[in-house]
Amino acid sequence: MLLADVAAASTAVAATRSRLAKRAVLVDVLRRAAADGPQDVAIVSRYLGGELRQRRTGLGWRSLTSLPEPADTPSLTAADVDAAFAAMAELAGPGSAGARTAAAAELFGAATQDEQRLLRGLVTGELRQGALDALLLDAVAEAAGVPAGAVRRAAMLAGETEAVAVAALAAPTPEAATEALDAFTLTVGRPVRPMLAQSAPDVATALAGLAQGDAPAGEVVVDTKLDGIRIQVHRDGDDVRVYTRSLDDITARVPEIVAAVRLLPAQRLVLDGEALTLDDAGRPRPFQETASRSATRDAELAGSASLTPFFFDVLHVDGRDLLDAPLRERLAVLDQVAAPHVVDRVVTADPAVAAEHFRAVVAAGQEGVVVKAYDAPYEAGRRGAAWVKVKPRHTLDLVVLAVEWGSGRRAGTLSNIHLGARDPAGGFVMLGKTFKGMTDEMLAWQTERFLALAQSREPWGVVVRPEQVVEIAFDGLQRSTRYPGGLALRFARVLRYRDDKPASEADTIDAVRALAAG
DNA sequence: TTCCGACAGTGGGGTCGCAAT
DNA sequence: ATTGCGACCCCACTATCGGAA
């Protein structure tokens, strides 16, 4: 199949907001790819989902700043493009950057304007066609004539979409496709997409969200939420593999987790949990230390810092699949097979008990809690309503120092605001930026407001007179080398603009430092 | 007919390894 | 030795479509 066919489909998908219309376009091109063979289905399904088949190519947005003019006529096949990126992914060592740039120039030079747009989107991971993996799975189902649920489940269990698309579309009949999809089962050693949580502002709201209609939630699990990295651990005897949330295999980087899992009583296991670094007293170290330890490839270099695994779910044990078992059953098994590496929890129907657990774990330095429906199955890959996270929230009244022009649907509006705390000695100390929490109405208002406050216009936005106070919510403070105060906000978002408060009454950097000191 | 679940988009800070400077 | 880029760890929140109720 020609890349031009894929690019035309992507353009058509981007041109409509209707998901049904997007799906129809995807179905058409998937069917044509299937007629060309499984290799084309593999490539085309990846590209339509917004990804390259290579996890890392060494190319990013910066590498694409100067590229040749587009070709007038299409010539590239999907297979050509995949081979070109595969070759780039292999490049390493001195001179590789130049060779990669040359290879990219050759590829993009052979691509038409439409094809360049597609390739650029795939390289940067920002295709912006309004359809990614989820809609693609729906399209695969329709193209193969099978229920969407069957395709989705296969993809969750496979941990990827490409193989599922290939299997479903290679089948000559819907019956054969169903059979092919049923062959994707939970397999020890092959990661599944992790179940995700929704969020709620407090424990009471989380419990209300789990209630069925007018009936109260009944017994729920209140799990401790640890501030580390998500891990999915597969054990088959002495063979232990550790995967991240994005299903990256980090086994080689975390020998201490492998060793801990080998000490557990069950021989075949799939566990879901979190890994983090602890201090001598067993309290969690800052997330940045966990991130550093888990990103260091050479375990020898990591020194004394060590990751401790804690598990909150079990998906398989010694031949028994537990994905569809209620959480109640899974936890009973977890306590048998994963002690002492089990997340601390309470089971209760009493909102007061749940709230007390939240208070206690936060006091112990943990991130918060995850409230879970006691009888829900493990919904791989879903951000289902069965898990609801609750974290403490801090707020500050900060001053807007500058604003950046937005992109995409925010093009033409001033979007990303720079935030400063008041320095009692004079001026403001920048603590970070945020674009979150803004409605379209707020974006329109702030565009006008900050243009009026503009002191200077820059290519990226405007620097403003420091007069507008904004109430900011955030999860905590972290060490920063980027900002002058040595501190940065974590997960900052706008709550509201405060027109009742002058900048002279904004929160001070001293108050922020006091908060950081705990 | 209205409601709401699921998606995609819009970006944030920090960490590492690697190649170029 | 330092710098910049790419990849990936943690993410929150809003608008929208279309099926559920």
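Because only heavy atoms are used, hydrogens play no part in the values below, and waters and symmetry mates are left out as well, while side chains stay in.
Dashed line: the shortest gap from a side-chain N or O of Q288(A) to OP1 or OP2 of dG14(B) is not under 4.0 Å. Phosphate proximity of dT16(C) to K22(A): absent, as no side-chain N or O sits under 4.0 Å from OP1 or OP2. Residue S246(A) places at least one side-chain N or O closer than 4.0 Å to OP1 or OP2 of dC9(C). For dG18(C), the OP1/OP2 oxygens have a side-chain nitrogen or oxygen of S18(A) closer than 4.0 Å. Dashed line: the shortest gap from a side-chain N or O of T244(A) to OP1 or OP2 of dC9(C) is under 4.0 Å. Applying the 4.0 Å criterion to OP1 and OP2 of dC5(C), one finds that R62(A) has a side-chain N or O inside that range.
Using a 4.0 Å cut-off on heavy atoms, the residues of residues 474-486 of chain A that approach DNA chain B are Q478(A), R479(A), S480(A), R482(A), Y483(A), listed by number.
Ranked by how close their nearest DNA chain C nucleotide is to the 5' end, R17(A) and A291(A) are led by A291(A). Comparing G432(A) and Q129(A) against DNA chain B, the residue whose closest nucleotide sits nearer the 5' end is Q129(A). Residues E289(A) and A385(A) each lie close to DNA chain B; by heavy-atom proximity, the contact nearer the 5' end of the strand is made by A385(A). Each of R490(A) and R393(A) lies near DNA chain C, and the nucleotide nearest R490(A) is the one positioned closer to the 5' end.
Of the listed nucleotides (dC8(C), dA8(B), dA12(C)), dC8(C) has the atom at the smallest distance from the side chain of R55(A). Closest to the side chain of S415(A), from the set dG11(B), dC10(C), dA19(B), is dG11(B). Closest to the E367(A) side chain, of the nucleotides dG14(B), dC11(C), dT15(B), is dC11(C). Distances were taken from every side-chain heavy atom of S407(A) (C-beta onward) to each of dC9(C), dT10(B), dA8(B); the shortest belongs to dT10(B). Counting only heavy atoms from C-beta on, N416(A) has its side chain closest to dG12(B) among dG12(B), dC5(C), dA7(C). For T57(A), whose side chain is taken as the heavy atoms from C-beta onward, the closest listed nucleotide among dG18(C), dA7(C), dA15(C) is dA7(C). Closest contact between the side chain of R128(A) and the listed nucleotides dA8(B), dG12(B), dT10(B) involves dT10(B). The side chain of K436(A) sits closest to dG11(B) out of dA15(C), dG11(B), dA6(B). Taking only side-chain atoms of I229(A), from C-beta outward, the nucleotide of dC9(C), dA20(B), dG13(B) with the closest atom is dC9(C). With distances taken from any side-chain atom of S292(A) to the nucleotides dT16(C), dA12(C), dC16(B), the minimum falls on dC16(B).
The pair R53(A)-E160(A) fails the salt-bridge criterion, with no side-chain N (NZ, NE, NH1 or NH2) lying under 4.0 Å from an Asp/Glu carboxylate O. The residues R153(A) and D324(A) are annotated as salt-bridged, a charged nitrogen and a carboxylate oxygen being separated by less than 4.0 angstrom. Of the charged side-chain nitrogens involved, at least one lies within less than 4.0 Å of a carboxylate oxygen, so that R409(A) and D440(A) count as a salt-bridged pair.
Residues passing the ring-ring contact (aromatic ring centres under 6.0 Å, His included) test with F435(A), sequence neighbours excluded: none.
Across all strands, A473(A) comes closer than 4.0 Å to no nucleic acid atom at all (heavy-atom distances). At the heavy-atom level, G406(A) lies under 4.0 Å from the strands shown only through sugar-phosphate atoms.
Listed by first and then second residue, the salt bridge (Lys or Arg N to Asp or Glu O under 4.0 Å) pairs that reach into residues 89-100 of chain A come to none, sequence neighbours excluded.
At least one donor-acceptor pair closer than 3.5 Å links the side chain of Y378(A) to the backbone N or O of M195(A). Using a distance-only test at 3.5 Å, with no hydrogens or angles considered, no donor-acceptor pair links the side chain of K389(A) to the main chain of S199(A).
Look at CG on L20(A): it is 17 Å from P on dA6(B), rounded to the nearest Å.
In this structure dC7(B) sits in no base pair that meets the Watson-Crick or G-U test at under 3.5 Å.
Screening R490(A), R493(A), R393(A) for a salt bridge (Lys or Arg N to Asp or Glu O under 4.0 Å) involving D475(A) leaves a single residue, R493(A).
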